[in-house]
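Each chain gets a letter, A, B and so on, in the order the sequences are listed, and its residues count up from 1.
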Amino acid sequence: MTDEKPVHFIKQIIEDDIASGRWGEPGDRSIVRTRFPPEPNGFLHIGHAKAICLSFGLAAEYGGTCNLRFDDTNPTREEDAYVRSIIGDVKWLGFEWDGEVKYASDYFGQFHAWAVELIETGKAYVDDQTPEQIRATRGTPTAPGTNSPFRDRAIDENLDLFAKMKAGGFPDGSRVLRAKIDMKSPNFNLRDPVIYRILHARHHRTGADWSIYPMYDWAHGLEDSIEGITHSLCTLEFEIHRPLYDWFIDAINEGRSEPIHHPQQTEFARLNLTYTVLSKRRLLELVEGGQVTGWDDPRMPTISGYRRRGYTPEAIRSFVGEVGITKFDSVIDVGRLENACREHLNRAAPRRMCVLNPLRVTITNWGEGGDENRVEMMDAVNNPEDDSAGTRPVPFGRTLYIEREDFMEDPPRKFFRLGIGREVRLRYAYWVKCHDVVKDERGEVIELLCTYDPATRGGDSPPPDAQGKVRKVKGTLHWVSAAHALDVEVRLFDRLFSVESPARKPKDEGDDWDFKTNLNPGSLTVVQAKLEPNWRGESDPKWADGIERFQFERQGYFCVDCDSSDQSPVFNRTATLRDSWARATNKR
RNA sequence: UGCCCGAUGGUGUAAGGGUAGCACAGCAGUUUUUGGUACUGCUAGUCCAGGUUCGAAUCCUGGUCGGGUAACCA
């Protein structure tokens, strides 16, 4: 891979740091140490994929390392099940972390020791105020906060109280440890932020060992410091926390002969996608409300959803790479993610023929050459983008299915498909001409009667006529032999939301407005389709994640869903093919 | 209201005082046994007002617009 990626502002910082020797010997590129620090309280979504690709990708690019570290400082909402799903998602995306998986909870002892140091140096105090009191005295954007009456408590008393907090001697919410910074700071984060709160909750890793738990701001920089992180990358909403990130480390280091490591936090814009909701809260609402079947519903923008939908890690990485890294809060057209997926699958997916909406076709002159029940095996190319994929035999006989949309009794201009008196090519088989239709009592066409031209075997043009003219057809259709077709379930997915910004409340709506009103009622259609037999080819590519993916010709990309059994396969539509005919007809 | 951050075609993203480029979308065409793929061409942009400079997307000042921010969440 030699493709030149643009040098975004974070790389710029890294390049400068390498040149100046900020983190080691000048010129040493391997100094780059990053981390991906998810809280195990939900499933990862495509926005996290951006953060993952950035931090892991940068480390790989510079020959440094990236840690996978769970920020598990709030036992009331974190679960081991989320830990496992996140680990699986990061692996699936194709990244390797340095050493063991890490946890903030590994460092609880160290965090506590540093907190005690802060108390000893007079930079932290135990506050007996209630949460309500603390909130009320924090001030407003225009008005400064006021000091807690406990702010100037004696160091020994603070030490004693903090020890009792740790020992479990106080009920939840009764006291906190606060940093003594500045209640008048224009930055709320510096108005004596809470460092520790009392929580008698069972932690997924430390059990009942602790009855106090560190807050994010206290824990995060210290985790980074302990792990020797150089570039701590996070999203924009933490920008205003950076002064506090720095303050904590500086406070610990003040008067210390051997200062602890001080990483650099840098913020970038999170990913936003059109027609997509990317907040854990709203995604959870869909799961719990039953609007989707779970976190891994193929319509969900979660990593597990895209995986089940048939997206590839390559596609997601490529997409994330091309949207770039900036501090501008942008919205990416979800079509670009779909395009990235098409691009990879076009190169890699073996082709099959599958009729989603079958219409019966009888080849009325099939018996003329002999037995009308005869079956011919046609040679179909597995992947026109990859010669090494070879060909496969596909049976062709007197009765076939084609796509209902590929026939029109009264076709408009520029319709290249079948109509009465029209001739088309059946891909890799024969040219056929429709001479009659059969209708049911309601007048609906239920069968096409066609003749085939034996001189077009394989789909080739027939030899020129006496005047040297070659007959041509404009359309090529996919088909399956009725006698051999497999009945399969196919799930056709469309966008989950029908508006571009589904989370944006319209101006004329009240506070009770629900983003779920923007749900697309047609986001899932299930059809019974006709698939060519022997669709699991021996020469098919082995996908790294074990998911089988195909292109159904002229339809799109599909993968085998985990609901499948050997007897009854289920396919998910990953993405449609681009369809300029559909686009042209929609415009009219 | 305060503080922090940002602004380049429709959407993203480059250009680090010297020709505003690339991708996606759109439009037109070529090729094609997928109305797919590939390829070619076209359309279209520096938020506004001042200032510095021979020269500003870039530096400075002011404004406008957008985002973030007042959990014992992360």
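Within the nucleic acid shown, A/N187 has no heavy atom closer than 4.0 Å to any nucleic acid atom. Within the 4.0 angstrom heavy-atom criterion, no nucleotide atom of any strand lies near A/S185. In this structure, A/I332 reaches the sugar-phosphate backbone alone: every heavy-atom distance under 4.0 Å involves primed, P, OP1 or OP2 atoms, never a base. A/P243 comes within 4.0 angstrom of nothing in the nucleic acid, heavy atoms only.
No side-chain heavy atom of A/D579 sits under 4.5 Å from any side-chain heavy atom of A/R554.
With sequence neighbours excluded, the residues satisfying side-chain contact (heavy atoms from CB on, under 4.5 Å) with A/P411 are A/M408, A/F415, A/R422. Under the rule for a salt bridge (Lys or Arg N to Asp or Glu O under 4.0 Å), the partners of A/R151 that lie at least two apart in sequence or sit in another chain are A/D192. A/D89 meets the salt bridge (Lys or Arg N to Asp or Glu O under 4.0 Å) test with A/R307; sequence neighbours excluded.
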Pairwise N/O distances under 3.5 Å, protein to nucleotides 5-10 of chain B:
| residue | atom | partner | partner atom | Å |
| --- | --- | --- | --- | --- |
| B/C5 | O4' | A/E239 | OE1 | 3.4 |

Close N/O contacts between protein and nucleotides 70-72 of chain B (under 3.5 Å):
| residue | atom | partner | partner atom | Å |
| --- | --- | --- | --- | --- |
| B/C72 | OP1 | A/R138 | NH2 | 3.3 |
| B/C72 | OP2 | A/R138 | NH1 | 3.3 |
| B/C72 | OP2 | A/R138 | NH2 | 3.2 |
| B/C72 | N3 | A/G173 | O | 3.3 |
| B/C72 | N4 | A/Q129 | O | 3.0 |
| B/C72 | N4 | A/P131 | N | 3.1 |
| B/C72 | N4 | A/G173 | O | 2.9 |

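The list of salt bridge (charged side-chain N to carboxylate O under 4.0 Å, His left out) pairs with a residue in residues 263-284 of chain A, not counting sequence neighbours, reads A/E237-A/R270, A/R242-A/E267.
At a cut-off of 3.5 angstrom, the base of B/G35 holds at least one donor-acceptor pair with the side chain of A/R417. Within 3.5 Å, a donor on the side chain of A/R351 pairs with an acceptor on the base of B/U34, or the reverse. Counting distance only, with no hydrogens placed and no angle test, the side-chain atoms of A/E385 and the base atoms of B/G36 include a donor-acceptor pair under 3.5 Å. Residue side chain A/Q555 does not reach the base of B/U34 through any donor-acceptor N/O pair under 3.5 Å, judged by distance alone.
The aromatic rings of A/F70 and A/Y103 sit parallel, their planes meeting at an angle under 30°, below the 60° perpendicular limit.
Searching all strands for a Watson-Crick or G-U wobble partner of B/C72 with both distances below 3.5 Å returns nothing. Base pairing analysis places B/U8 opposite nothing; no Watson-Crick or G-U wobble pair with both distances below 3.5 Å involves it.
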